Amino acid sequence: MKPATRLVHFDPCPRDPYRAVATPIYQTATFEQESATELGRYDYSRSGNPTRTVLEDQLAALENATRAFCFASGLAAIGAVARLLRPGDEILAGDDLYGGTCRLFSRVLARSGIKVRYADASDLQGFRKAAGQQTRLIHVESPTNPMLRIVDIGALAELAHRSNALLCVDNSLMSPYLQNPLDLGADIVVHSGTKFLCGHSDVTAGVVAVKDRSLAEDLYLVQNGEGAVLGPFDSYLLLRGMKTMGIRIDRQQANARRVAEYLVRHRLVTRVHYPSFADRRAREVHARQARGDGSVVSFETGSTELTRRVAESTRFFDLTVSFGSVNSSINVPSRMSHASIPSDMRSVVVVPPDLVRLSVGIEDPDDLIADLARAFASASRESVAADALAKTN
Ligand SMILES: *Cc1c(COP(=O)(O)O)cnc(C)c1O
């Protein structure tokens, strides 16, 4: 099955006597047992729930994994992966990273004696040098967020395996529809299901998927042992959202390309970050490992003030953190989505203060471009007026 077909063709309720075509929501905490000595397939919803199982099986199929595990949020999923480490172990992470992941690594995991180093994962040689004796986990995103740099997943898998470490790829920005890191050699793929999997900004969810069976058993121990599981209703919402992921992403991506091309030509834009506009080597790596550019575009204006005004002036781009929804959104990462980067980390994880990140939705692209044009015009008028005022004062 091709990805678009697989999104809608799966068994929605295995062994269900009524053969419902949508997955029933098993909103129950416990399951009655036939015998006191032998437990049935389900006994308690932290350990397993039929609605969650359908979702986990479908996600495993989409990522070509043997098993997938769903958590209450993307960070809970990444936290579960970090539980595979022991005190003294080190994480080597890409330096353009979701802010919350950085906070988890640098502030929460530090308390249990796990160390973390950051390096630019799009620079293979530099990244290789940053790996240490104690590195047991390499954690990257590709494309990175918000700078949209391309990381060679296959090359990093080789590096990880030579160093007796696991490679974990956060695939939230691409979704399984556009990229499958396990096929490229990664050991673990994680998702913030809050983004493209859900697609409607109404659930927070996280996913971990793996091919290796013993790794799967370790992760199940963590999922059941700590209990940060996704509830039945949220599992249902994610299953429902994922059915339209293909057409959503096709449309969002086509819109994003139009927006990116518009931005490249705009006189107030100094740089546009989008996989197709990266240098040749990066473009080749991305084309080899992904099936499209996605729908997140970021750009710089050279002015923090102008950036703020543009972000506050759009009408169809909601001023919100997050991405991957049917609605377009606009965000100033240094002040919003990446503000959770600890202050002592700001020299390592560098987000330009004038950077704007767009998540392009499914609206009519003409409306989106007209909206940006209006926002630039009103933001630059305000800037000129502010300059004039400063001069007369
Ligand atoms: C949002 C996000 C996360 C965290 O996911 P939550 O569901 O918000 O906990 C992790 N990684 C990336 C790339 C994200 O965009």
Side-chain angles (χ1 to χ4, degrees), residues 55 59 63 68-83 91 93-109 116 118 121-122 137-151 153 168-179 181 186 188-209 223 226 228-231 234-235 237-238 241-242 249 252 273 275 290 294-298 320-325 329-334 336-341 349 351 355 357-360:
L55 174 64
L59 282 161
E63 282 291 12
F69 304 91
C70 288
F71 293 85
S73 71
L75 282 179
I78 297 170
V81 172
R83 282 291 188 208
I91 300 174
D95 66 358
D96 184 24
L97 207 59
Y98 177 68
T101 306
C102 189
R103 179 176 53 197
L104 169 70
F105 286 173
S106 293
R107 298 193 47 202
V108 182
L109 294 182
V116 53
Y118 299 90
S122 66
L137 181 70
I138 294 180
H139 180 100
V140 296
E141 302 171 15
S142 187
T144 64
N145 163 32
M147 300 304 291
L148 284 302
R149 291 198 200 106
I150 306 302
V151 171
I153 296 172
C168 177
V169 176
D170 183 333
N171 202 25
S172 306
L173 201 89
M174 284 278 98
S175 89
Y177 184 66
L178 294 180
Q179 180 169 274
I188 304 169
V189 56
V190 295
H191 283 278
S192 168
T194 316
K195 315 292 163 57
F196 288 101
L197 299 178
C198 166
H200 298 76
S201 299
D202 50 10
V203 181
T204 68
V207 183
V208 182
Q223 186 195 37
E226 286 196 320
V229 295
L230 194 65
D234 286 348
S235 297
L237 282 174
L238 219 57
M242 280 160 50
I249 290 179
Q252 286 177 254
H273 304 275
S295 52
V296 174
V297 183
S298 61
T320 67
V321 296
S322 198
F323 57 79
S325 179
S329 70
I330 192 164
N331 158 26
V332 180
S334 64
M336 298 173 66
S337 59
H338 288 64
S340 53
I341 296 173
V349 181
V351 178
L355 189 80
R357 188 186 74 192
L358 301 177
S359 172
V360 182

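Start at 1 and go down the list; that is how both ligands and their atoms are numbered. Being a predicted model, the structure only gives us computed values, none of them experimental.
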May I have a table of the N/O to N/O pairs between ligand 1 and the protein that fall below 3.5 Å, each row giving the two atom names and the distance to 0.1 Å?
| residue | atom | partner | partner atom | Å |
| --- | --- | --- | --- | --- |
| ligand 1 | 5 (O) | Ser192 | OG | 2.9 |
| ligand 1 | 7 (O) | Gly74 | N | 2.8 |
| ligand 1 | 7 (O) | Ser192 | OG | 2.9 |
| ligand 1 | 7 (O) | Thr194 | OG1 | 2.7 |
| ligand 1 | 9 (O) | Gly74 | N | 3.0 |
| ligand 1 | 9 (O) | Leu75 | N | 2.9 |
| ligand 1 | 11 (N) | Asp170 | OD2 | 2.6 |
| ligand 1 | 15 (O) | Lys195 | NZ | 2.6 |

Using 0.5 Å steps for rounding, measure from the OG atom of Ser142 to the CZ atom of Arg149.
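If I round to the nearest 0.5 Å, the distance is 11.5 Å.
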Non-neighbouring partners of Arg103 that pass salt bridge (charged side-chain N to carboxylate O under 4.0 Å, His left out), sequence neighbours left out:
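Arg103: no salt bridge (charged side-chain N to carboxylate O under 4.0 Å, His left out) contacts found.
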Just how far is it from atom CD of Glu141 to atom OH of Tyr98, taken to the nearest 0.5 Å?
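One finds 10.0 Å between CD of Glu141 and OH of Tyr98.
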Between Phe105 and His139, what is the ring plane arrangement, given parallel below 30°, perpendicular above 60°, and tilted in between?
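Taking His139 first and then Phe105, their aromatic rings stand perpendicular (interplane angle over 60°).
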Does any N or O in the side chain of Gln252 come within less than 3.5 Å of the main-chain N or O of Ser325, such that one atom is a donor and the other an acceptor?
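Present.
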For a quick check under 3.5 Å, do Ser192 and Thr194 share a side-chain donor-acceptor pair by atom type?
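Yes, side-chain donor-acceptor contact under 3.5 Å.
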